[in-house]
Amino acid sequence: MIMGRAKLLCLGGCREVGRSAYLLNIENKSFLLDYGVLLNDVPLFPLHISPNSIDAVLLTHPHLDHSGLLPLLFSSRISPPAYTTKLNVEILEYLILDMMKLSGNFLPYEVEELYKAINGSSPLHYKEELELEGITVKALNAGHVPGSCMFLLESKEEKIKILYTGDFNTIETRLVNPVDMNEMLSECPIDLVVMESTYGDRQHEDRRLTEKNFVESVANHVEDGGLVLIPAFAYGRAQEILHVLYKYLNGLEIYVDGMAKQVSLELLNFKEFLRDGEFYEKALKRAKFVRGPKDRKKILKTGGVVISPSGMLKGGPSTLYARYLAERGNGAIFLVSYQIPNTPGDYLLKYGKLDPGSEKVKCDVRWFDFSSHAGKNELLDFITKIVDFSGGRTKVVLVHGEERAIVTLEEELRSRGIEAMGPKNGDLLII
Ligand SMILES: [Zn+2]
Ligand SMILES: [Zn+2]
């Protein structure tokens, strides 16, 4: 690596998925890229950083593995300015309040700091150029969830341009537009890419095929009078599934429960972040919101489709439906997101039980790949194009992936002659 135009201090999110936090130093100015937590029974945090030493915080999106510790930066008198899209700030409030309910005792901040963080965040638009401390900062659509962004930072003085991808997707989903590759390539040459690697060792099935198998399976159960539970994260996945169901099965009774209701309504105020806001509005109007235990009882009797958090059956109304289906068996549980090891969702897929002490579930259980992350081929394609358009000078730092994903991607990139590295937490990279 060339000496000293920029430094990257890896605070978390290296060789793991969770607690993403990277301190990028250019021209002696420090930018904190995301500040997340790793959610476990006891949440894990990135390495300590003093808010005074940060000139600005850039938040890619409000998933807690990127945002969960942000309020901590607002607990001292002087806090750094934060920048992200307006929608990200809105969703941040829902997700952090929800985490505080579950893990509040373990978090080093209170609700007051959350609202300081919200008020201390300045909204930015995609493609808008900001001058922060002499560095040009630009946010681009990341295609991961509505409002998610990547950040480009450029120093004219040091003649260096850096891309931090955050979580991203280059294939089109129902809910959001993918990364605009032409726009990305028009930003080249890019000297350094700090890239997520979640699916560095795995390919996704073709998305349209997943959708087809999914809706057919849902329809089969509902036609038989069964109930199909789709445990889904309240922000992003719940709405993606709603889109898919409405597109193919709009005659069906689709229920939405838990926090997915509020988040779904909130997104109506931010249709500019959706691929087809009008279609989304129609789908949402057709869906029925579950208002409480009475409604739930009725649904258990009549059947239909319920989209409900949590996506890994760790809490929220999805657990109620799951217990019912496990006992009665009249229907299915269709998991539609990555299941973190040792969550009830993961246990269900591996052993067909909701927990070690229970019986095998009587309902149908399946998993469908509705990932909002780029798969292995997309990651390789993305980075290879950038390297080509940058005349081969781009270096790659791989983060946000389990060990195996990072190593696989690292080897693959090196075999293509691309300089890639997968640092560890605590590493300081001189670029
Ligand atoms: Zn994410
Ligand atoms: Zn993430």
Side-chain angles (χ1 to χ4, degrees), residues 10-22 32-40 43-46 57-70 84-85 87-92 94-96 98-99 139-151 163-171 173 175-179 193-202 204 232-241 259-260 263 267 273 309-312 336-341 343 369-375 378-379 382 397-403 405-406 409 422 425:
C10 301
L11 301 167
C14 291
R15 294 176 184 249
E16 64 186 2
V17 176
R19 56 171 163 176
S20 287
Y22 313 94
L32 181 62
L33 310 172
D34 288 336
Y35 203 39
V37 297
L38 199 159
L39 281 178
N40 237 322
L44 298 176
F45 305 134
V57 187
L58 305 175
L59 176 71
T60 57
H61 66 296
H63 279 157
L64 296 167
D65 59 321
H66 298 259
S67 72
L69 211 54
L70 186 71
T84 193
T85 61
L87 173 55
N88 285 348
V89 180
E90 290 296 328
I91 303 293
L92 184 73
Y94 288 101
L95 300 190
I96 293 207
D98 190 53
M99 172 174 65
L140 296 174
N141 170 33
H144 173 58
V145 278
S148 64
C149 46
M150 300 180 155
F151 286 106
L163 172 70
Y164 171 55
T165 68
D167 296 352
F168 73 101
N169 204 354
T170 55
I171 65 146
T173 60
L175 194 62
V176 284
N177 284 317
V179 170
V193 179
V194 182
M195 183 172 79
E196 73 126 316
S197 319
T198 321
Y199 284 84
D201 57 343
R202 278 164 294 163
H204 295 309
F233 197 55
Y235 160 57
R237 197 59 45 86
Q239 294 80 23
E240 173 76 13
I241 295 299
M259 198 171 69
V263 173
L267 285 181
F273 288 101
S310 79
M312 303 177 197
V336 288
S337 43
Y338 173 71
Q339 304 295 310
I340 293 176
T343 54
D369 185 359
F370 280 98
S371 173
S372 55
H373 293 268
E378 287 94 47
L379 289 168
F382 175 81
V397 174
L398 301 169
V399 296
H400 197 291
E402 301 294 345
E403 183 82 24
I406 300 280
L409 215 50
N425 289 339

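Atoms within each ligand, like the ligands themselves, are counted from 1 in listed order.
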Item to check | Atom name of the N, O or S atom in His400 that lies nearest to the Zn ion (ligand 2) | outcome: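 The atom in question is NE2.
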
Checklist entry - Under 6.0 Å between ring centres, would you say that holds for Phe168 and His373? => result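 Between His373 and Phe168, which both carry aromatic rings, the centre distance is not below 6.0 Å.
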
Next on the checklist: Ring centres under 6.0 Å, that's the criterion: do Tyr235 and His63 meet it?
Outcome noted: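 Ring centres of His63 and Tyr235 closer than 6.0 Å.
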
Look only at the side chain of [X] and the backbone of [Y], and say whether a donor-acceptor pair between them is shorter than 3.5 Å.
X     : Y      : result
Asp34 : Tyr22  : no
Arg15 : Gly422 : yes
Thr60 : Gly166 : no

Item to check | Cation-aromatic face contact Arg237/Phe233, 6.0 Å, 45 degrees | outcome: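 No, cation not above the ring by the 6.0 Å, 45° rule.
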
Next on the checklist: At a cut-off of 2.8 Å, what protein N/O/S atoms sit near the Zn ion (ligand 1)?
Outcome noted: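 Hits for the Zn ion (ligand 1) below 2.8 Å: His61 NE2, His63 ND1, His144 NE2, Asp167 OD2.
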
